[in-house]
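We count ligands from 1, going down the list as the structure has it; atoms in each ligand are counted the same way.
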Amino acid sequence: MNQPISITEVTAPPNLYPGFVNISLRALVPNTLAPCSVRLEAWSGHLQHLRLITALEAGAKVKESWRDHLINEGVTHAFIALDDLELFQDYLARHTHKLLAQDASDPDLGHCLVYEQALCSIKTAMLDPRNGRRLGMGVTTVRQIMGMMWDDEHTRSGMLRVLTSDKQLYTHSLNVTLLGVGFARARSWPRQQAENLGVALFFHDLGLMDQNQPDLQREALCHPRHDAELRNHPLISQRFLSRVPGMALETLETIANHHENLDGSGYPRGLKAADLPPASRLARIVDFYESATSGCGYKEVLTPFAALRLLRGEMASQVDQRILEDFVRFIGHI
Ligand SMILES: [Fe+2]
Ligand SMILES: [Fe+2]
């Protein structure tokens, strides 16, 4: 229980522009009207720092050439006001339906939009983790994703193809959810059990966003910390989710256990193998793998091979090796 933790994933989104949140540029659908003002980062020579400038007014047309030019120049993100996040989520939902319904020339565009829509959903929840309505919307998002992925292999592989990685807690949470649900499907889990797992993974690090601990949030960006507050984040996440009506006990248990190890060296409670059901064991592996390969909690990003080697070697006594071997096969097929 008191062994040092060699690696832990701990991230929170950087709050460089209070009142704004970043969105992926690929979430702006060509030839639609921007649902809200969209801003870009620009260097101010006069002020000698970066600032946001309005690039697209609300209601202005999203020109494909403009968007593609920015993406080709390496601009991946834009910013919208926090208050516009739900509006933007509605915009994505509308266009996702249209794109998936029609025979699009770029099939991954629909998957990208589903992914971006889910990112908006988790951002909305994480920015206000005490807001039960927002958490409930997050649960609905997971159920929608499950509905799309579960019986449709094309969508399932498509969703796993469009994962992005930016060391932010939102992205980590969504990636872990998609990998976890996809892996549960590959292991032939019953759908309800996989959905309980998906909800758990979507919200597993919500406790890192505790608004009562601003210092924790500020310092949590990819710097491993081992203090008591941080070790407690699974239980804080669990407490937030326990307020959502109808939350499955299995979901709450998985959230609380996502840093527990089979040999008792995990946290927050130092549980051992006998206390850790399959969902908790699976969550530990998928969470670690995503953190390691996306660079969250690390000074450097590990390759998938290096992350899996660590799980098989140094961490062999901590994680379920049978589940791990299945996970290795699953990763190999993505
Ligand atoms: Fe965590
Ligand atoms: Fe995590």
Please determine if the Fe ion (ligand 2) has an N/O/S atom from H258 lying under 2.8 Å away.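 Checking H258: none of its N, O or S atoms is under 2.8 Å.
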
Pairs meeting criterion salt bridge (charged side-chain N to carboxylate O under 4.0 Å, His left out) with involvement of residues 176-195, two or more places apart: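 Listed once each, the pairs are R143-E195, R187-D326.
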
What pairs of residues pass the salt bridge (charged side-chain N to carboxylate O under 4.0 Å, His left out) test when at least one of them lies in residues 72-95, not counting sequence neighbours?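 Residue pairs passing salt bridge (charged side-chain N to carboxylate O under 4.0 Å, His left out), neighbours aside: E86-R133, E86-R134.
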
Roughly, to 10 degrees, what angle do D205 atom OD1 and H233 atom NE2 form around the Fe ion (ligand 1)?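 Approximately 90° at the metal, rounded to tens of degrees.
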
Can you confirm whether or not the ring centre of H204 sits under 6.0 Å from the ring centre of H172?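 When the ring centroids of H204 and H172 are compared, they turn out to be within the sub-6.0 Å range.
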
Centroid-centroid under 6.0 Å between F79 and Y17 rings: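 That pair passes the under 6.0 Å test.
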
Atom of D287 nearest the Fe ion (ligand 2) (restricted to N/O/S, atom name only):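 That would be atom OD1.
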
